[in-house]
Amino acid sequence: MNDFERHMQSVLRRSERDIDDDSAQRLANARRHALNATRKQRVARFFVPATSMALASILALVLVLSPDMQDNGKSQSKQEEALLSESIDLYEDMDFYYWLAREDGNLKG
């Protein structure tokens with residue numbers, strides 16, 4: 001530490017000891033107020049990410065699950081259409097199946 005730093009340190013220490021009571025009280029109040037404000041900010045800083053994460057999770061669940069709920073009616077009707085078209089195809093080819101059943105004994109393979 002050089003001479004200038006030592007001199008400034010002693011001046012600051014002396015002014016710290018010689019401060020009047022009114023100024024000391026105001027400084028203590030300002031310090032207390034600043035410490036309380038930082039504690040509240042720490043609590044608020046914790047809840048912002050936690051709340052954001054919870055909302056993002058809920059939004060993801062809604063987006064993932066809602067298309068399935070909306071498509072259930074469509075997919076059931078598509079399945080029913082597919083089954084109906086297969087059964088219609090089956091009935092259209094019924095003559096072939098009857099012929100196949102009669103000729104089953106005659107077929108060599």
Side-chain angles (χ1 to χ4, degrees):
M1 200 184 288
N2 62 26
D3 291 334
F4 176 74
E5 288 175 346
R6 279 191 216 111
H7 175 68
M8 289 308 295
Q9 186 178 21
S10 67
V11 168
L12 288 173
R13 299 265 185 222
R14 203 173 326 121
S15 66
E16 184 181 322
R17 284 189 304 265
D18 297 338
I19 196 166
D20 60 306
D21 291 337
D22 187 41
S23 297
Q25 184 66 32
R26 285 187 305 149
L27 286 172
N29 287 338
R31 181 178 184 272
R32 193 175 322 109
H33 179 70
L35 288 175
N36 288 337
T38 58
R39 286 185 190 132
K40 290 177 185 176
Q41 287 177 351
R42 283 187 205 138
V43 171
R45 284 186 204 152
F46 170 75
F47 284 114
V48 169
T51 305
S52 300
M53 193 59 137
L55 288 175
S57 300
I58 291 170
L59 180 63
L61 283 173
V62 167
L63 291 176
V64 168
L65 296 178
S66 70
D68 290 342
M69 293 168 32
Q70 293 172 356
D71 288 343
N72 279 344
K74 293 178 184 176
S75 64
Q76 286 177 354
S77 64
K78 287 180 183 178
Q79 290 173 350
E80 290 172 358
E81 288 176 20
L83 289 174
L84 286 175
S85 68
E86 288 177 13
S87 62
I88 290 172
D89 291 341
L90 178 72
Y91 289 122
E92 288 176 354
D93 296 334
M94 197 57 102
D95 291 333
F96 171 74
Y97 292 119
Y98 283 134
W99 174 82
L100 187 61
R102 282 185 304 230
E103 299 293 325
D104 189 31
N106 297 333
L107 293 176
K108 297 179 183 175

Problem set entry | Test item: side-chain donor near acceptor, R32 and N29, under 3.5 Å | yes
For this session: Give a yes or no on whether D3 atom CG has more than 12 heavy-atom contacts from other residues, nucleotides or ligands under 6.0 Å away.
Result: no
Exercise. Between S10 and R6, is a side-chain contact (heavy atoms from CB on, under 4.5 Å) present by the stated rule, with each step listed?
Worked result: CA-CA 6 Å; S10 67; R6 279 191 216 111; over 6 Å; no
Problem set entry | Value rounded to 0.5 Å, distance of CG in D21 from CZ in R26 | 12.0 Å
Problem set entry | Nearest-0.5 Å distance, NE2 of residue H7 to CG of residue L12 | 9.5 Å
Exercise. Looking only at heavy atoms, what is the nearest atom pair of E16 and I19, with distance?
Worked result: O-CG2, 3.4 Å
Exercise. How long is the gap from CG on D22 to CG on L27, to the nearest 0.5 Å?
Worked result: 10.0 Å
